[in-house]
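Numbers for residues simply follow the sequence, beginning at 1. Numbering of ligands and ligand atoms starts at 1, following listing order.
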Amino acid sequence: MALSGDYQPSPEQWVRDQVEAYESSGGARGNTLRDTGLPVVIVTSVGARSGRLRKTPLMRVEHDGAYALVASKGGAPEHPVWFHNLVARPEIELQDGPRPQPMTVRLLEGDERARWWERAVAAFPSYAGYQVRTDREIPVFLAEPVPGE
Ligand code: F42
């Protein structure tokens, strides 16, 4: 089932621009983080309070068709707002290429988190530095396709 709700673009201009470039080109443009050359995906989630659709570019950390979503926010002291939205509303769409795919997310813990954290740092080494910069443990969600969709 596709998510429903009004799209509320990010207040950050560079994030809005990235989403717009990615979506309007089916993932052919706006598909890397600035000049790093490293790939991103676009996650659509539902605002926990507003019910509005939020679109968040995140680094692409994929393994066997599942994706880690790393709530790093560049090592900021607080979690990104989308973290709380995903805890409250775990149904998302994730776009990695031409089309968004319905997925559900869950927060990882223990060994499972450690395994996916390793994959995340391999895909985007800056995550390791972000973890050093902040006192919080950076949350890692796992997004998996909804069976049959
Ligand atoms: N951020 C990451 O955390 N990890 C990444 O791997 C990552 C990669 C990345 C790659 C490219 C790129 O362009 C951006 C990238 N970012 C990455 C940044 C990411 O896209 C987000 O911008 C960042 O994580 C901050 O997320 P945020 O949700 O805190 O964004 C703020 C600026 C935001 O959107 N605020 C909204 C607002 O209007 O202020 C929040 C709106 C919202 O969700 N409201 C909720 C609602 O119900 O609608 C209610 C909120 C409440 O208070 O309950």
Solution key, residues 56-64 side-chain donor-acceptor pairs under 3.5 Å, sequence neighbours excluded:
| from | atom 1 | to | atom 2 | distance (Å) |
| --- | --- | --- | --- | --- |
| R60 | NE | D96 | OD1 | 3.1 |
| R60 | NE | D96 | OD2 | 2.8 |
| R60 | NH2 | D96 | OD2 | 3.3 |
| E62 | OE2 | G65 | N | 2.7 |
| H63 | NE2 | R119 | NH2 | 3.2 |

Sequence neighbours excluded and cut-off under 3.5 Å, please list the side-chain donor-acceptor pairs for residues 69-84, or say none.
| from | atom 1 | to | atom 2 | distance (Å) |
| --- | --- | --- | --- | --- |
| K73 | NZ | E78 | OE2 | 2.7 |
| H79 | ND1 | R136 | NH1 | 2.8 |

Output block, N or O contacts of ligand 1, threshold 3.5 Å exclusive:
| from | atom 1 | to | atom 2 | distance (Å) |
| --- | --- | --- | --- | --- |
| ligand 1 | 3 (O) | V70 | O | 3.4 |
| ligand 1 | 3 (O) | S72 | N | 3.2 |
| ligand 1 | 3 (O) | K73 | N | 2.8 |
| ligand 1 | 4 (N) | V70 | O | 2.9 |
| ligand 1 | 4 (N) | S72 | OG | 3.1 |
| ligand 1 | 6 (O) | M59 | N | 3.3 |
| ligand 1 | 6 (O) | Y127 | OH | 2.6 |
| ligand 1 | 13 (O) | Q18 | OE1 | 2.7 |
| ligand 1 | 16 (N) | P57 | O | 3.3 |
| ligand 1 | 20 (O) | P57 | O | 2.9 |
| ligand 1 | 24 (O) | W82 | NE1 | 3.0 |
| ligand 1 | 28 (O) | V81 | N | 3.3 |
| ligand 1 | 28 (O) | W82 | N | 3.0 |
| ligand 1 | 29 (O) | V81 | N | 2.8 |
| ligand 1 | 43 (O) | R54 | NE | 3.3 |
| ligand 1 | 43 (O) | N85 | ND2 | 2.8 |
| ligand 1 | 47 (O) | A48 | N | 3.1 |
| ligand 1 | 47 (O) | R49 | N | 2.6 |
| ligand 1 | 47 (O) | S50 | N | 2.7 |
| ligand 1 | 47 (O) | S50 | OG | 3.2 |
| ligand 1 | 48 (O) | S50 | OG | 2.4 |
| ligand 1 | 48 (O) | R54 | NE | 3.1 |
| ligand 1 | 48 (O) | R54 | NH2 | 2.6 |
| ligand 1 | 53 (O) | R49 | NE | 3.0 |

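By the 4.5 Å heavy-atom criterion applied to side chains, K55 and Q95 are not counted as neighbours. I92 has its side chain within reach of L86: a pair of non-hydrogen atoms, C-beta onward, lies under 4.5 Å apart.
Under the salt bridge (charged side-chain N to carboxylate O under 4.0 Å, His left out) criterion, E12 pairs with no residue, sequence neighbours left out.
From S50, atom OG reaches atom CG of D6 across 9.5 Å, with rounding to the nearest 0.5 Å.
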